[in-house]
Protein chains: 2
Amino acid sequence: MTASGRRKFRREGEGRRRRDLIEATLDCVAENGIEGATVRAIAQRAGVSAGLIRHYFPGKAELLQAAYAAVVKRMTDQAKDALAARDARPAERLAAFVRANLGPPVVDTQIFALWAGFIARAHADTALAAVHREGYLGFRDEVESLVGAVLEEAGRPADMAVLRRHAIAINAIIDGLWIEGCMASSLFDEGELARIAIASVAAQLGVDLPGHEGSGR
Amino acid sequence: MTASGRRKFRREGEGRRRRDLIEATLDCVAENGIEGATVRAIAQRAGVSAGLIRHYFPGKAELLQAAYAAVVKRMTDQAKDALAARDARPAERLAAFVRANLGPPVVDTQIFALWAGFIARAHADTALAAVHREGYLGFRDEVESLVGAVLEEAGRPADMAVLRRHAIAINAIIDGLWIEGCMASSLFDEGELARIAIASVAAQLGVDLPGHEGSGR
DNA sequence: CCCGTATTTATACGCTTGCATAACAAGCCG
DNA sequence: CGGCTTGTTATGCAAGCGTATAAATACGGG
């Protein structure tokens, strides 16, 4: 008898392993904060030994960066899906965009925990900050171009400066409501955040948007 | 020769020491994130030995709670000062409130770093979460009562539900702009955030507020 | 079928962390 | 001015961290 206590294992492709490790990292961060994402905890959740992490990532820092990039991608993809789905009127697309960002898949305790954990760390970690900035600017550009189309449709085309201010404000509304929703989801009815946001955006732009009370119902 | 390498020290009152330790904790968190706030780092910055912390706080967790409570107090006090200063028209008070929350003392990298660090941890630490919730609800109540007064002045008193929705939206605008300002202050001119917020709030409520472009200048 | 290689595990190392403890000294009270 | 209280320091400890390294295993190509 060999008495070999060594674990059996299967070899996996690099892509698969990296994905699993990132997913395990996100689970750990969501559950116990970023400080709960230790190398050992991540490895255990991924079902591998701790040393394997350093076979696929130069260090823990790089794994965290990859994990945060995955979070950013998940959030922005959700929003962009909402845009691709409708190629209808600009006002409808803007409303759908707002709704997508304040609905169940994005407004989520776990995603917020990830966001908060990484945002906090981004202050001391310039690499994480870069990942964040990239995703953020993409989001804001999206809002700006949507607003431009909506105002054009309404016959009130706006110059760049006005457009920029609208985008900043609308972005703030979405962000603010998203945070409130994530941190105290029990305080809001289903769809309430989206309705508040759409009404607020409509007031901001001085247009009617499908889905809020002043829109013909 | 005694060869005593032991440090000289002065005895201080309890209040003073606790305040210094909290201040040192905030400095550490702001500088290196919450993970940079180790017992030893805090003690060094406070100019005392590490063991003293446990003489004034049961453990590190309680020190962090006290520090976060100090942050919350600092932020809300700033805003409430803006209210006390003017007992003029409700519209002016609301504008001052918004401006106070989006000006230099509150919009600040360091305060944001503190906020982000604690918010992230609040997900796994129920005591911190309680501290946060308390400060947050106070803020929102303030907004709600201000909005009520403004609408009353405008001759359009609103029922509770409408008031609540307005407060949620306005709170979101302030929060969102605050975050944007803290994270990318270089992207905004001086006072720009406050101007955008006031314009947005004015549009939201359908009233004129002192300090935005449609207000008679 | 066996060898070679790349994946994976296991173990150990150095460091830092929060916390406990005991020695020490500052300042008050008699 | 000497003793006592207690604020304060210094030292040590066990646990946990990220990382380095070498052994062991899976699995494809000869």
Side-chain angles (χ1 to χ4, degrees), chain A residues 1-22 24-25 28-29 31-68 117 121 124-125 127-128, chain B residues 1-22 24-25 28-29 31-68 117 121 124-125 127-128:
Chain A
M1 67 168 193
T2 58
S4 161
R6 190 170 272 257
R7 259 177 72 190
K8 300 299 180 220
F9 59 89
R10 278 198 354 162
R11 294 188 160 196
E12 296 283 357
E14 168 166 348
R16 168 67 188 270
R17 275 278 132 93
R18 289 177 72 96
R19 216 172 311 129
D20 284 354
L21 285 174
I22 289 176
T25 304
C28 287
V29 173
E31 193 163 310
N32 296 320
I34 207 166
E35 66 202 350
T38 70
V39 175
R40 286 167 176 83
I42 294 169
Q44 180 176 17
R45 194 175 282 253
V48 300
S49 87
L52 192 62
I53 287 180
R54 298 233 352 163
H55 193 262
Y56 287 107
F57 295 90
K60 189 195 173 186
E62 286 78 9
L63 172 55
L64 283 181
Q65 288 166 30
Y68 185 42
R121 196 182 173 91
D125 184 334
L128 276 187
Chain B
M1 63 162 196
T2 58
S4 160
R6 192 170 270 257
R7 260 177 70 190
K8 300 301 180 219
F9 59 90
R10 279 198 354 166
R11 294 186 161 201
E12 295 284 357
E14 169 165 349
R16 169 67 188 272
R17 275 278 132 91
R18 289 178 72 96
R19 217 173 310 130
D20 284 354
L21 286 173
I22 288 176
T25 303
C28 288
V29 173
E31 192 164 309
N32 295 321
I34 206 166
E35 68 203 349
T38 70
V39 174
R40 286 168 175 80
I42 293 169
Q44 180 174 17
R45 194 176 284 253
V48 299
S49 87
L52 192 61
I53 287 179
R54 298 240 347 174
H55 193 262
Y56 288 107
F57 296 91
K60 188 193 174 187
E62 285 79 9
L63 172 56
L64 284 180
Q65 288 165 30
Y68 185 43
R121 195 183 173 92
D125 184 334
L128 276 187

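So that the names make sense, note that chain A is the first sequence line, chain B the second, and so on, each numbered from 1.
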To the nearest Å, how far apart are [X] [atom1] and [N] [atom2]?
X      : N       : atom1 : atom2 : value
E35(A) : dT16(C) : CD    : P     : 19 Å
K60(A) : dT19(D) : NZ    : P     : 8 Å
R18(B) : dT8(D)  : CZ    : P     : 13 Å
R6(B)  : dA22(C) : CZ    : P     : 14 Å
D20(A) : dT7(C)  : CG    : P     : 16 Å

- Inter- and intrachain pairs under side-chain hydrogen bond (donor to acceptor under 3.5 Å, both in side chains), touching residues 33-42 of chain B, at least two apart: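 Sorted result for residues 33-42 of chain B: R121(A)-E35(B).
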
- Numerically ordered, the residues 38-54 of chain A set in heavy-atom contact under 4.0 Å with DNA chain D is T38(A), V39(A), R40(A), R54(A)

- Could you pull out the closest heavy-atom pair between L21(A) and A46(A), with the gap in Å? CD2-CB, 3.8 Å

- Note on the structure: What one should report as the nearest heavy-atom pair of A41(B) and G36(B) is CB-O, 3.7 Å

- Do V48(B) and E12(B) come close enough that some side-chain heavy atom pair is under 4.5 Å?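 No, every pair of side-chain atoms sits at 4.5 Å or beyond.
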
- Query: How about I34(B) and I34(A): do any of their side-chain heavy atoms sit closer than 4.5 Å?
  - Reply: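 No; the side chains remain at least 4.5 Å from each other.
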
- Query: Taking five pairs at each end, how big is the angle between the two axes of the helix from dC1(C)-dG30(D) to dG30(C)-dC1(D), to 10°?
  - Reply: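 About 10°, once rounded to a multiple of 10°.
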
- Message: Classify E14(B) by what it touches in the nucleic acid, base, sugar-phosphate, or nothing, heavy-atom distance under 4.0 Å.
- Response: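 Result for E14(B) = nothing.
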
- Query: Under 4.0 angstrom, heavy atoms only, what part of the nucleic acid is Y56(A) near: base, sugar-phosphate, or nothing?
  - Reply: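 Sugar-phosphate contact only - Y56(A) comes under 4.0 Å of backbone atoms but never of a base.
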
Restricting to side-chain contact (heavy atoms from CB on, under 4.5 Å), what partner residues turn up for [X], sequence neighbours left out?
X      : value
V39(A) : A50(A), I53(A), K60(A)
A37(B) : C28(B), V29(B), I42(B)
R18(B) : E14(B), Y56(B), F57(B)
D20(A) : R16(A)

- With E62(A) via salt bridge (Lys or Arg N to Asp or Glu O under 4.0 Å) - residues at least two apart: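 E62(A) satisfies salt bridge (Lys or Arg N to Asp or Glu O under 4.0 Å) with no residue once adjacent residues are dropped.
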
- Hits for side chain to side chain donor-acceptor pair (under 3.5 Å) against R45(A), two or more places apart or cross-chain, chain-then-number order -> E31(A)

- Task: Please list, chain by chain and in numerical order, all residues satisfying side chain to side chain donor-acceptor pair (under 3.5 Å) with Q44(A), sequence neighbours excluded.
- Result: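 With sequence neighbours excluded, Q44(A) shows a side chain to side chain donor-acceptor pair (under 3.5 Å) to no residue whatsoever.
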
Identify each atom pair where a protein N or O and an N or O of nucleotides 26-28 of chain C are less than 3.5 Å apart, giving names and distance.
from, atom 1, to, atom 2, distance (Å)
dA26(C), N3, R11(B), NE, 3.4
dA26(C), N3, R11(B), NH2, 2.9

Taking only N/O atoms, report every protein-nucleotides 28-30 of chain D pair under 3.5 Å with atom names and distance.
none

- Query: Can a side chain N or O of H55(A) be found less than 4.0 Å away from OP1 or OP2 on dT8(C)?
  - Reply: no

- Straight-line distance of D125(A) CG to N32(B) CG, nearest 0.5 Å: 11.5 Å

